Asker: 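Dumping the structure here so I can ask a few things about it.
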Number of protein chains: 2
Amino acid sequence: MSDMTEATPTPRRGRPAVTSQARILAAARRIIDREGWRRLTLRRLAAELGVGTTTLYHHVRDREDLLIQLLNEDAAQSLAEVELPENPRERIITAMVAVHDALAETPWAAEVLTVDGFLPRLGEPALRVVEAVLSAAVELGRTQEQAVDLFRTAWYLTVGELLVRARSGELSQDAERRADWARGTFADPRMPQLAAIGARWPELAARDTFRVGLAALVDGMLPGSSRETAR
Amino acid sequence: MSDMTEATPTPRRGRPAVTSQARILAAARRIIDREGWRRLTLRRLAAELGVGTTTLYHHVRDREDLLIQLLNEDAAQSLAEVELPENPRERIITAMVAVHDALAETPWAAEVLTVDGFLPRLGEPALRVVEAVLSAAVELGRTQEQAVDLFRTAWYLTVGELLVRARSGELSQDAERRADWARGTFADPRMPQLAAIGARWPELAARDTFRVGLAALVDGMLPGSSRETAR
DNA sequence: ACCTGAACACCGTTCAAGT
DNA sequence: ACCTGAACACCGTTCAAGT
């Protein structure tokens, strides 16, 4: 029980196991595929496996742990395949975009994204990406502190984008209703810019600008290595 | 029932009201002060007011709506008091730091931060801050699209910082335990930068670097108006 | 117009007791 | 060593029926 993230238990003594980490994760995935991740509860999962609910607590720490383990299978794998460029600036951007994209694929990522020490719990491939960012910053002459600051700020941006997007993606009202809403709420004449944008807001806000924003952040934090100098 | 955010209903006919928006918010605040915001449930709130749970649904749309209304009372007020500087770069930073700080004060802000169209629901003072960011970007020669991109990216950074911080603040393990954890998980020799930081990670990660990160983001997105040119 | 109890449809987690 | 039912301590929300 020391490392819940490891998926290879070696039972030896006592009552034979009726289930296992692997079977639990497989069953969880079936429920997610069939009914959506919101329906994945420990009770439902136990029913799917035909075991008592409380049995699950011998294999997963809690619901959060289960969700992170599920994420591991997808995200860690896709992160491990990322090729990181030599150029430090590009390396940082590639690394963080990879983290972003890996997590964006999994709809329940938003549920566990903000747990303390989340990225390390995703295992070695995730740490490799953090290392890439830190080493690139140090290569560009930053201190250890500054390297950590850069990573953390980029991580906050990533988390924020993912969470806001996860929520707005859920309730997908039609474009016209959203435009009407924006026209109405931004119609204050004391706010000329908002009023000028008006109904266009939902359309503009729907654009994916993560990479551009991240690149700007990196350039702002590493003034030495702007696009121009890097090439 | 058209606008749940308004706190001044004018009852006229029918059975006299046993409660009101104002009484509900006051009772909610008593519960939060006494037991913490996590204990604020509709059932508990109804009990505090001595009304049926279902009565509350005539005054608030749902739990989320209740939380946002509570936030309004604090955040909107503190946002309204913010003085925005003339200099566009400083205006953006001041505006977003104000949003950040206003939301950081309220521990349950993280719970509702990511709802679609959150900032407009905070009312006019919040819109004023958005307008400030947009107008500053336009003043610096950006297009409408670029202004919205800047605001959105800054908003993602703000949301991410608040959410990560809210979670890591909850479970406050002692410094030594955290340092030990970091030493252990970052001890991989293939990751020299992480290994070099090691036990220092929690200490470095605890530093408040929001303003610095935001300033870097702004400078990265508005290359014309760096610190130097602005002064 | 406003209020209500009952009901629906659930949760995660702990405990003591089995096998 | 592993599994279990029962229990604890709750949720948000809808409905039809009052007043």
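Small disclaimer: the values here were computed from a predicted structure and weren't measured.
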Asker: Given D:dT4, C:dT4, C:dA7, which nucleotide is nearest the side-chain atoms of A:H58?
Answerer: D:dT4
Asker: Taking only side-chain N and O atoms of B:H59, does any of them lie within less than 4.0 angstrom of OP1 or OP2 on C:dC2?
Answerer: no
Asker: If I take atom CD in residue A:Q21 and atom C1' in nucleotide D:dC2, what distance separates them, rounded to the nearest angstrom?
Answerer: 14 Å
Asker: Counting side-chain heavy atoms from C-beta on, which of C:dC10, D:dT4, D:dC10 comes nearest to B:R44?
Answerer: D:dC10
Asker: Over how many whole Å does the gap from B:R23 atom CZ to C:dC2 atom P extend?
Answerer: 15 Å
Asker: Can you measure B:E111 atom CD to D:dG12 atom C1' for me and round it to whole angstrom units?
Answerer: 13 Å
Asker: Tell me: CG of A:L45 to P of D:dC3, nearest whole Å?
Answerer: 13 Å
Asker: Whole angstroms only, please: what is the CZ-P distance between A:R38 and D:dG12?
Answerer: 16 Å
Asker: Give, for atom CD1 of A:I31 and atom CD of A:E48, the distance between the pair rounded to the nearest 0.5 Å.
Answerer: 4.5 Å
Asker: Counting Watson-Crick and G-U wobble pairs only, both distances under 3.5 Å, name the nucleotide matched with C:dT13, or none.
Answerer: D:dA7
Asker: Quickly work out the B:R43 CZ to C:dG5 C1' distance and round it to whole Å.
Answerer: 11 Å
Asker: Measure the distance from CG on B:L42 to C1' on D:dT14 and round it to the nearest whole Å.
Answerer: 13 Å
Asker: Which nucleotide sits closest to the side chain of B:T41: C:dC11, D:dT13, D:dC11?
Answerer: D:dC11
Asker: Considering residues, nucleotides and ligands other than A:E35, do more than 12 of their heavy atoms fall under 6.0 Å from its CD?
Answerer: yes
Asker: Nearest 0.5 Å please: distance from the CD atom of B:E161 over to the CZ atom of A:R152.
Answerer: 7.5 Å
Asker: From C-beta outward on B:Y57, which listed nucleotide comes closest to its side chain: C:dC10, D:dT14, C:dT4?
Answerer: D:dT14
Asker: So what's D:dC2 paired with, Watson-Crick or G-U wobble, going by both distances under 3.5 Å?
Answerer: C:dG18
Asker: When you compare C:dA9 with C:dT13, how far apart are their P atoms, in angstrom units rounded to a whole number?
Answerer: 24 Å
Asker: For A:R39 and A:E64, take the nucleotide of DNA chain C holding the closest heavy atom to each; which residue's nucleotide lies nearer the 5' end?
Answerer: A:R39
Asker: Of all the choices, D:dG5, C:dC3, C:dC11, which nucleotide is nearest to the side chain of A:T54 once you look at every atom?
Answerer: D:dG5
Asker: With rounding to the closest Å, how many angstrom separate the C1' atoms on D:dC10 and D:dA6?
Answerer: 16 Å
Asker: Is the count of non-hydrogen atoms from other residues, nucleotides or ligands lying under 6.0 Å from A:R39 atom CZ greater than 12?
Answerer: no
Asker: Using atom types as modelled, flag every donor-acceptor pair under 3.5 Å from a side chain in residues 101-110 of chain B to any protein atom, sequence neighbours excluded.
Answerer:
from: B:W108; atom 1: NE1; to: B:L67; atom 2: O; distance (Å): 3.2

Asker: Quick one: which of C:dC3, C:dC11, D:dT13 gets closest to the side chain of B:T53?
Answerer: D:dT13
Asker: Ignoring hydrogens, what is the shortest heavy-atom contact between A:L25 and A:E73? Give both atom names and the distance.
Answerer: CD1-OE2, 3.5 Å
Asker: State which of D:dC3, D:dT14, C:dG12 makes the closest approach to the side chain of A:R63.
Answerer: C:dG12
Asker: Could you check how far CG of B:L40 sits from C1' of D:dC11, rounded to whole Å?
Answerer: 13 Å
